[in-house]
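Everything on this sheet refers to the single structure shown next.
Convention: sequence-line order gives letters A, B, ...; per-chain numbering from 1. Computed from heavy atoms alone, side chains included, the values below leave out hydrogens, waters and symmetry copies. Values in this document were obtained by computation on a predicted structure and should not be read as measured data.
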Amino acid sequence: MAILAGQIAFYYLATASVASAILAVTRRNPAHSMLWVLALFLHVAGIFLLLGAEFLAAVQVIVYAGAILVFYLFVLMLLDLPREAAGPSFGAHWPLCAAAGLAFAALVWHAREPGLVLTAKGTAAGGPPRGSLSAVGTALFTQFALPFELASLILLAAIVGAVVVAKRKTES
Amino acid sequence: MVPVGACLGLSAVLFGIGLIGFLSRRNIILMLVSVEIMLNAVNVSLAGFSHQLQDQRGQVLALFVIAVAAAEAAVGLGLVLALSRNRPGVNVEDLTQLKW
């Protein structure tokens, strides 16, 4: 019963995220697109929860839906694009783009195996099952300590770079 | 519970939608948002593999992907702001010169 409920939830979340992604890409008004992307991110967070990745779901909601998307919306409001909704929102080459994207998706779709079951390590290894969050934290601060520090460096460089690039030139 | 094949299928479809959006939209902000959709698709497949293998390292990789996505958003939107200061509008088809 729980398995069935989980599968129903997964297929609902998958359908809703695909639908909101399509709507996000095709809407004419950029603000509407942003709101559909918000729906997409929240549904993907639900999929993460279903997959047992609670911390990833929380980070998805806080960082993606909370920070990154609001940042995009700020820039959208800052630029104030009145003419943007009037013109065509797709380039003239869009059939080619659609063909490329569909071909890629079809290739990856065929490369996957629907019933793929790999051997699960660690489940039968003995010892009490650990919570996902503590395992993620342990991996992050032991095995991935150097990449973790490098990620902070990348974020610092991105912050400084964004300020330098977007700064108004004052000398003129 | 959730087969990893379903996660990979969802990831493929989302990545394809993001790719279509990136290639065909004319608004540069929506192109960047399409990149975010593609990165999210990759995260779905990483979380699916992590669930399947009972290995939390996939989630750690997904966290790094989110960090890189945040950095990309900051730099990309900074570039968009600098661009719109030099010439108004966010239509990429108008940007045909290397220097102006």
Side-chain angles (χ1 to χ4, degrees), chain A residues 3 6 10 14 17-18 21-22 25 30 33 37 44 47-48 50-53 56 59 63-64 68 71-72 75-76 79 81 84 89-91 94 97-98 100-102 104-105 108-109 112-116 118 120-123 132 135-136 139-140 144 147 151 154-155 158-159 161-162 165-166, chain B residues 1-10 12-21 23-27 29-30 32-34 36-37 40 43-44 47-48 50-57 59-60 62-64 66-71 73-75 77-82 84-85 89-90 93:
Chain A
I3 294 176
F10 177 78
S17 49
V18 169
I22 290 174
V25 165
S33 287
V37 171
V44 170
I47 287 173
F48 288 160
L50 212 55
L51 292 171
L56 201 52
V59 169
V63 175
Y64 253 122
I68 296 182
F71 186 32
Y72 274 99
V75 174
L76 201 60
L79 291 185
L81 309 162
E84 205 52 35
S89 49
F90 289 102
W94 71 267
C97 305
L102 289 177
F104 182 83
V108 182
W109 184 277
R112 100 211 147 92
E113 294 180 36
L116 188 62
L118 304 171
K121 294 178 296 183
T123 47
S132 166
V136 169
L140 194 58
F144 290 93
I154 287 174
L155 286 173
I159 293 167
V165 165
Chain B
M1 191 170 70
V2 178
V4 66
C7 279
L8 293 185
L10 173 65
V13 171
L14 283 182
F15 198 97
I17 292 169
L19 189 59
I20 293 173
L23 292 177
S24 63
R25 285 306 293 246
R26 297 159 80 239
N27 187 332
I29 298 178
L30 286 174
L32 287 173
V33 167
S34 302
E36 303 288 342
I37 294 176
N40 235 310
N43 279 348
V44 169
S50 162
H51 175 67
Q52 178 72 29
L53 296 171
Q54 294 292 315
D55 189 339
Q56 313 303 334
R57 282 177 292 182
Q59 296 181 30
V60 177
L63 287 177
F64 288 135
I66 289 178
V68 171
V75 176
L77 289 176
L79 285 173
V80 170
L81 281 181
S84 69
R85 189 165 299 134
V90 289
E93 291 181 352

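For A:Y64, the part lying near chain B is the side chain, with the backbone staying farther off; criterion is any non-hydrogen pair under 4.5 Å. For A:A151, the part sitting under 4.5 Å from any heavy atom of chain B is the side chain, from C-beta outward, and nothing else. Residue contact with chain B, scored on non-hydrogen atoms closer than 4.5 Å, involves the backbone and the side chain of A:Y72 alike. Contact of A:F10 with chain B is made through the side chain alone, with heavy-atom distances under 4.5 Å. Heavy-atom distances place the side chain of A:I47, and not its backbone, under 4.5 Å from chain B. The contact between B:L14 and chain A is made entirely by side chain atoms (from C-beta outward), counting heavy-atom distances below 4.5 Å. At a 4.5 Å heavy-atom cutoff, the contact between B:L79 and chain A is made by backbone and side-chain atoms alike. Only the side chain of A:I68 comes within less than 4.5 Å of a heavy atom in chain B; its backbone stays farther off. For A:V18, the parts sitting under 4.5 Å from any heavy atom of chain B are the backbone and the side chain alike. Only the side chain of B:R85 has a heavy atom closer than 4.5 Å to any heavy atom of chain A.
Listed options B:A82, B:G16, B:A74 were ranked by heavy-atom pairs under 4.5 angstrom with chain A; first place goes to B:A74. Per-residue counts of heavy-atom pairs under 4.5 Å with chain B were compared for A:A158, A:A100, A:A98, A:C97; the largest is that of A:C97. Most heavy-atom pairs under 4.5 Å with chain A, from the set B:I66, B:I37, B:V75: that is B:I66. Taking B:G18, B:G21, B:G9 one by one and counting their heavy-atom pairs under 4.5 Å with chain A, the maximum is reached by B:G9. Most heavy-atom pairs under 4.5 Å with chain A, from the set B:S50, B:S34, B:A69: that is B:A69.
The two residues B:N27 and A:P30 make their nearest non-hydrogen contact at ND2-CG, 3.5 Å. The shortest heavy-atom contact between B:A71 and A:I154 is CB-CG2, 4.0 Å. Residues B:R25 and A:V25 share a closest heavy-atom pair of NH1-O, 2.6 Å. The shortest heavy-atom contact between A:L51 and B:G48 is CD1-N, 3.7 Å.
The closest side-chain heavy-atom distance from B:F15 to A:V108 is not below 4.5 Å. Put simply, the side chain of A:V59 reaches to within 4.5 Å of the side chain of B:L63, judged on heavy atoms. Between A:S17 and B:L10 the shortest side-chain heavy-atom distance falls below 4.5 Å. Side chains of A:F48 and B:Q59 form no contact here, defined as non-hydrogen atoms less than 4.5 Å apart. The shortest side-chain heavy-atom distance between A:S33 and B:V33 does not fall under the 4.5 Å cut-off. Looking only at side-chain heavy atoms (C-beta outward), A:V75 and B:L81 come within less than 4.5 Å of each other.
In this structure, CD1 in B:I20 is found 9.5 Å from CH2 in A:W94, a value given to the nearest 0.5 Å.
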